[in-house]
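First the proteins, then the strands, lettered A, B, ... as listed; each starts at 1. Everything numeric here is computed off the predicted structure, so don't read it as measured data.
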Amino acid sequence: MLRLPLLLLVLSSLARAETLTAYTALDRGEAAAYFEAFTRDTGVQVRWVRLSSGETLARVRAEKERPQASLWFGGPSLDLSVAAADGLLEPYTPKTLDTFRPGQRDAQWRWVGFSVGVLAFASNPEVLARKKADLPHAWSDLLQPPYANEVSMAYAYTSGTAYTVLATVAQLFGEEKAVAYFAALDKNVHHYTRSGAACVTQVGLAEVGTCIAFAHDILNKGKAKGYPVELSFPAEGTGYEVASMAVIAGAPQRELAQRFVDWAVSQPVQATLQRYHRLPVRDDVPRPSSLPADLKLIDFDTEKAIARRRPLIDAWREATGQ
Amino acid sequence: MKRTPLSLRLLTLLTFVAMAVFVVFPLFTVLSTSVKDGQGGFTLEHFRALGRWQHVRPVLNSLLLAVLVAPLGTAVGLAFAFAVSRTALRGRAALGKLAQLSVIAPPFVIALSAVLLFGRNGVVTKGVLLDRLGLDLYALGFDIYGLGGLVLVETLSYFPTAFLILTGVLAAVDPAIEQAAMSLGAGRRQTFFKVTLPLAAPGLFASMLLIFIESLADFGNPLILGGRFNVLSVQAYLEITGNDDAAGGSLLAMVLLVPSVALYLLQSALLSRKGFVTVSGKPARAAPFALGPGGSRVVGGIAWGGAAAVLLFYGLVVYGSLVKLWGADSSLTVEHYARALKVSWADIRDSVVLAAISTPLTAVLGVVAAYLIERTQVFGRRALEVLSILNFAVPGTVVGIGYALAFSRPPLVLTGTAALVVALFSFRNMPVGMKAVSAALKQVDPSLEEAAQNLGASPARVLGRVTLPLVAPAVFSSLAFAFVRAMTAVSAVVFVVSGSWNLLTVAILAMVESSDLSQAAALSVVLVVLVLGAFEGMQALVRRLFPSSRPQLS
């Protein structure tokens, strides 16, 4: 009984010589849409597994000697940079795009950006009205008394989203002030979640009034699903994540993975990103109309965010007691 | 005493090797990880983390929760036990059946239901109180997330443990003693408080200890309903899977392990103390002491209250699974089931396949261990017994962390394989089978087997032709339990599932975590139907095959 599925697995992997294997940290539905489009456009099948970004890193590291997947798609650049430093990725310059904005590709081309997600606030207007609070428009708004027990975000140590929040506030106001900010915010936090996007639906369900998450998660899992979730942005400026991709070192299907990277940053594909409320990495395609044109982005320093990760998270844990 | 035959010695050796690899080695890995520094040397450095508030608080929270749930769950279980066995209440058989249902159902369903009932968008809190009566409980400081909600759902989840123990204990109290008290002029109330309860005291204490352990080990309910009230099992999980801190997680697991095992040993010692059992060899048994009308009303009220709560909670999950978009669109639909069968089909299939593979393995392990312990004189059989009991008392979180750490590096790399999940199920549930078969073996006179042996049968033949057929009903019954436990397991398997082998329970938890409530509810209903169907089917099969035997809850 145990042998049969294993046998089938071996057989099917033999049969799929022209199949690309991939790990992705994107939302299941969104990932499926991209992979299906790739298959439509190129005829190459994709066998993919959805893992959280931390899990992907652990998996790729564990499989270093015998890589099981060729492509790592849609992981945060923070994690891909760690993997690159550990020699787990191989450099590749996409044929379809060779000029990236600063911070949106690795200096040695070991990873390149696919799309940019910006941090935002998700709010339930009904709950906030009951508390006589407006939509938050600044990081400091969340510290106000009407938001008491109404804020939610993920644990900074379990979620890439939450660490991006932490690093953003630290880069905006300095680390010391950032730690004080999260200690104060903690008083208003109803609870923390394990994954970054989980709080959006909780806002929709009125379990909490406001949460901090990526704008694309807020739009995809809020209004698009039918929940009363409003989007707003901090006036001081907001941080972002570069959802990136890379060819895994020693990739069994190197050529297919490279072809996917070419495809993903090509103009037609980048033009579809607005559907998912993500900013493109190209300048020659339209930005999503769901995001304000005058969106204020900070100069997010990825290198610094990576280097300061452990001390910042430790300080966050001390400050919040989580 | 004859020399132990070679085949038996080989079997013993094999069993020990298997237990060493799949029971001892993972636990040892947890221990060693918690005292190892980065270079592999010994250190107690990690223990300093226990001085930090973020690690101390989960410990205190876990203890507080368990201390509250243990007496509450025992009280409800006691009321159930009295209502079923000591009153003439109508429908008391249904009460017993309902308590059994809660044993079989997956452990987090009640927490999911608590959110559907008492969350901000809950049927009770919003639908009835806020929208109809204008009463905003949440504005008054009520919150289902946290200690209060956890006490409620764990009490409802674990009272059946007390019910099962106390039913047995009450049946063992000789009614003649109670009758004697009443003949001497004591009223029903006095008899109850002065005779029956004191006689049941060890059982009460044992069931409190067991519920305490169950509450400590609970993972699904606090993960869903904890809010900011973090408990040990959840914190250990966060450290390992979220924070990539194997040492910190292992350390918390050790903190969870020690009291669990100690209290488990204490309660089994309590339950096996002969002094309290009043069943004598005398055949004449008086009719059991029944509660009077007042007492019946009290225990009946508590029991039916608990039963109504259990029914309400399960019913709500069914309702939740039919609502289009919980909290936003309450029209009814079956689309969540269609989606469940489509999107989560792989998870359903994996759960059933892995549980089905591990079930016979569990039974084989249980039979072998019980046989070695009860029927042979092989060296180390006591150690085997102790090992099996310990294995039973280890919280799932600890086992899961152990498996994840132990089998992710050479010599035995099983990460991501079906074999890892199957091994975890088989060895973790093995004590259930062992206990059932042991109990059955104790009732079979060894002279039957000796007769066969004297007539020239080899030990293997005696086992196959005489012993096994005699304990077959117990084996089949334990098969049903092994399957159910594998299908509903969460706390351990959550560490060993992978992209290629995921399980239904873990998928449901992930959906609840991202507040995909209706989808989670639909999958929960699918799971409960599968489990109940399989369980009832297997029990019916046992009754068919062995008409004289009675199926037992372990």
**Q** Would you please say whether a donor-acceptor pair under 3.5 Å links the side chains of H190(A) and E207(A)?
**A** no

**Q** Restricting to non-hydrogen atoms, name the atom on S518(B) and the atom on V323(B) that form the minimum distance, rounded to 0.1 Å.
**A** OG-O, 3.2 Å

**Q** Examine whether an atom of A206(A) lies under 4.5 Å from a heavy atom of chain B, and if so say whether it belongs to the side chain, the backbone or both; otherwise answer neither.
**A** both

**Q** Look up atom NZ in K131(A) and atom CD in E126(A), then write down how far apart they are to the nearest 0.5 Å.
**A** 13.5 Å

**Q** Can you name the nearest heavy-atom pair linking L57(A) to D79(A), along with the distance?
**A** CD1-O, 4.1 Å

**Q** Taking non-hydrogen atoms and a cut-off under 4.5 angstrom, which of residues 305-317 of chain A neighbour chain B?
**A** R310(A), R317(A)

**Q** Would you name the heavy atoms of M245(A) and L80(A) that are closest together and state the gap between them?
**A** C-CD2, 3.9 Å

**Q** What closest approach, in Å, do F495(B) and A404(B) show between heavy atoms, and which atom pair accounts for it?
**A** O-CB, 3.8 Å

**Q** Non-hydrogen atoms of chain A under 4.5 Å away: do they reach the side chain of Y237(B), the backbone, both or neither?
**A** side chain

**Q** Is D143(B) close to chain A through its backbone or its side chain, or both, or neither, when contacts mean heavy atoms under 4.5 Å?
**A** side chain

**Q** Looking at every heavy atom in both G222(A) and V200(A), which two are closest together, and how far apart are they?
**A** N-CG1, 4.0 Å

**Q** Walk me through whether E150(A) and R130(A) qualify under salt bridge (Lys or Arg N to Asp or Glu O under 4.0 Å).
**A** CA-CA 11 Å; E150(A) 292 292 352; R130(A) 223 181 295 153; over 6 Å; no

**Q** Less than 4.5 Å to any heavy atom of chain B: does that hold for the side chain of N124(A), its backbone, both, or neither?
**A** neither

**Q** Between CG of L20(A) and CZ of F35(A), what distance do you get to the nearest 0.5 Å?
**A** 7.0 Å

**Q** Sort L517(B) into side chain, backbone, both or neither according to what part of it lies under 4.5 angstrom from a heavy atom of chain A.
**A** side chain

**Q** Can E30(A) and H216(A) be counted as having a side-chain donor-acceptor contact under 3.5 angstrom?
**A** no

**Q** Most heavy-atom pairs under 4.5 angstrom with chain A, which of S515(B), A328(B), G122(B), G227(B)?
**A** S515(B)

**Q** Hey, mind stepping through D516(B) and T201(A) against side-chain contact (heavy atoms from CB on, under 4.5 Å) and telling me if it holds?
**A** CA-CA 8 Å; D516(B) 204 346; T201(A) 316; over 6 Å; no

**Q** Chain B heavy atoms under 4.5 Å from V189(A): which part of the residue, side chain, backbone, both or neither?
**A** both

**Q** Could you check, using the six-membered ring where one of them is a Trp, whether Y34(A) and Y276(A) have ring centers closer than 6.0 angstrom?
**A** yes

**Q** Run the numbers on D186(A) and R228(B) for salt bridge (Lys or Arg N to Asp or Glu O under 4.0 Å), then give the verdict.
**A** CA-CA 11 Å; D186(A) 183 65; R228(B) 297 197 60 156; 2.6 Å; yes

**Q** Quick one: which of K221(A), Q202(A), K225(A) has the most heavy-atom pairs under 4.5 Å with chain B, could you say?
**A** Q202(A)

**Q** Is N121(B) close to chain A through its backbone or its side chain, or both, or neither, when contacts mean heavy atoms under 4.5 Å?
**A** both

**Q** Identify the residues of residues 155-163 of chain A whose heavy atoms come closer than 4.5 Å to a heavy atom of chain B, ordered by number, or report 'none'.
**A** Y155(A), Y157(A), T158(A)

**Q** Quick one: pull up CD1 in I240(B) and CG in L405(B) and give me the separation to the nearest 0.5 Å.
**A** 5.0 Å

